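Data first, discussion second: the structure below is written as structure tokens.
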Amino acid sequence: MVFQSWSYVGFLLITILVVRLTSASWRWLPLLLASLFFYSLTHWGAFVILLFSIFYTYFTAIRVSGSAHMSIRYRWLLLSIIGQVLILGVFKYLGFFNGVMQGVYALLHKGDWNDWPLLVLPLGISFFTFQSMGYVFDVYYKIRKPEMHLGKYALFVSFFPQIQSGPIGRSKEMMPQWTSISLPSFEQYRWAIQLFVWGLLKKFVVADRLGNYVDEAYDTVGSMGTWVWLFILVLYTVQLYADFSAYSDMAIASARMLGIHIPENFAFPYKANNITDFWRRWHLSLSGWLRDYIYTPLLFSKKKWKKWAVVYAIGITFVICGIWHGASMTFVWFGVVQAMILICEMFTKDRRLVWAEQWGRTYQWASVVLTFWVISFCFILFRADDMYQVAGVLADMGQWNSSLLTTYLAEKNISRLMGILFLLTMFLWGDERWDRWIKQPQMSMNKSVLAISLMLTVLMVLGVFGKNDFIYFQF
Amino acid sequence: MSNEELTARVYGVFRKVFKNEGISVHRETTAKDIAGWDSITHLDIISGMEEEFDVEITGFEVMNMSNVGDLYDLLTQKLAE
């Protein structure tokens, strides 16, 4: 059941109604039942895996906290994490493993590798396994005590606005909310509806519209040349952000209608002035998770290496970040490239600070533009199906032939492309302004009705309907 | 070691790491409150504390710190051992 469907709206309304009719200390129960029902609709096998993951991390976290000896605590932590990684490995990465083994067998001239059969890929598996792993880490680091109430823990892992594509919740932020869930006020419902409609608008008017051009380009690699590809790279960079931030906004809005606060997942990433800054603004729930549970422990485990400890920690963290996104070499390379850029930035930090002081606002603007282009190029790895397609895009990009641009403009209708350019400019220029305006808590009733009506009108006139999934569902 | 001396020496490490004589640090200060306090700076602060007080701070202990007050408490505990 996707957010942008009438069935979801109906399901959400019924859940809100039942939550309203329940007393504050018992509201976790209808939320849990709704969440389990919501996830059970994806696939029965996936549902069983979710239940197993809940029970497994619930019990191992209790064992982690149950011992005073650090070595025993550590062993239970390891067992818990290995179990979760195995679940991810078996259900998400078996295809990738088959591909690697086929390559190895071909290299060693050992005949054909017999593929291991692929199993069901549970929707949101990367999200709910990371969420539950984060909880076990929190118990291990004594950031929180284990949750003894199985129902409330199950709700933490399966909460339906988050389970498909995050934001990845943190136990210290989410779990205390289950104890007593306050009903939203009329203004808060209005705020949440505004945010939900804003998400719909970003999805249907921006992401899916741009997506049509991007999909077509990646389906016909080889005939577009440099200029068209530069245009497509920008389109995909904006599409990905609009798509994922739309999903996050709708998740935050759905949760808020149920009285639950989920933190923001983006902080205007295309205003970043370097890639380090970009990762402090992009997919905050994942980058925060990686920082706290992978990067920092790795960094401090080798702190005597000084700067090389940072190189080591960044390298491993971003390879994991890449692989988390998908079972493909393109994502591995995406992680490796990010790590390389971040390491370069670390070694040039002092020099860049001097430049920033010397050149002031010019340097700041140039850095933002450069960062945008760097990330746009990196996203080729994110969008392409495999490394052959990446090579194809790069080769096609090497054709500095302006006639290819002229052909493209003629084919696509120049006035439509101007419209797309206008949409892009409005979105990139106004991103922060629109977002802050939509999310202001004290908007008057008249302004709010006007904003919702305006957004619905734009949605009806300019929306592209038909695509169903969000890009991040594949992860 | 008195509380005043501990505070002065902790303050000294912060001044040295941030190269800022006028830096203001108190128990509730977190990384979000000081511009430029990133993970590399965090590493420098912890290494600086280890050198200054001749103690070892483990990764586990670092993960448990949420503000400068936690760092003070950890150092007090380690120096008392």
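On a predicted model such as this, the values are computed, not experimentally measured, just so you know. Below, all heavy atoms of this structure are taken into account, side chains as well, without hydrogens, waters or symmetry copies. Below, chain A is the first sequence line, B the second, and so on; all start at residue 1.
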**Prompt:** Who in residues 18-35 of chain B is close to chain A, using a strict under-4.5 Å heavy-atom cut-off?
**Reply:**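 The residues closer than 4.5 Å to chain A amount to none at all.
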
What part of [X] is in contact with chain B, defined as an atom under 4.5 angstrom from a non-hydrogen atom: side chain, backbone, both or neither?
{"X": "Arg280(A)", "result": "side chain"}
{"X": "Phe137(A)", "result": "neither"}
{"X": "Lys306(A)", "result": "both"}

Answer whether the closest heavy-atom distance between the side chains of [X] and [Y] falls below 4.5 Å.
{"X": "Leu298(A)", "Y": "Lys302(A)", "result": "no"}
{"X": "Asn274(A)", "Y": "Ser367(A)", "result": "no"}
{"X": "Glu61(B)", "Y": "Ile46(B)", "result": "no"}

**Prompt:** Can a salt bridge be assigned to the pair Asp249(A) and Lys439(A) using a cut-off of 4.0 Å between side-chain N and carboxylate O?
**Reply:**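 Yes, charged N to carboxylate O under 4.0 Å.
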
**Asked** Do NZ/NE/NH1/NH2 and the carboxylate oxygens of Glu147(A) and Lys152(A) come within less than 4.0 Å?
**Response**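 So Glu147(A) does not pair with Lys152(A) through a salt bridge.
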
**Prompt:** Less than 6.0 Å separating the ring centroids of Phe127(A) and Trp289(A)?
**Reply:**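 Not under 6.0 Å, so no.
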
**Message:** For Glu50(B), which atoms come within 4.5 Å of any heavy atom of chain A: side chain, backbone, both, or neither?
**Reply:**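 When you check distances to chain A, only side chain atoms of Glu50(B) fall under 4.5 Å.
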
**Request:** Please flag which part of Ser47(B) lies under 4.5 Å from any non-hydrogen atom of chain A: side chain, backbone, both or neither.
**Result:**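 When you check distances to chain A, only side chain atoms of Ser47(B) fall under 4.5 Å.
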
**Item:** Leu299(A) side, atom CG; Trp305(A) side, atom CH2 - distance, nearest 0.5 Å
**Value:**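 If we round to the nearest 0.5 Å, Leu299(A):CG and Trp305(A):CH2 are 11.0 Å apart.
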
**Request:** Using the six-membered ring wherever Trp is involved, compare the ring planes of Phe372(A) and Tyr270(A) and label them parallel, tilted or perpendicular (cut-offs 30° and 60°).
**Result:**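 Aromatic pair Phe372(A)/Tyr270(A) classed perpendicular.
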
**Prompt:** With a 3.5 Å cut-off and no angle check, do the side chains of Thr57(A) and Tyr153(A) form a donor-acceptor pair?
**Reply:**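 There is such a pair (donor and acceptor under 3.5 Å, judged by atom type) between the side chains of Thr57(A) and Tyr153(A).
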
**Message:** Let's test your reading of the structure: which of Asp44(B), Thr58(B), Ile57(B) forms the most heavy-atom pairs below 4.5 Å with chain A?
**Reply:**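 Most pairs with chain A among the choices: Ile57(B).
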
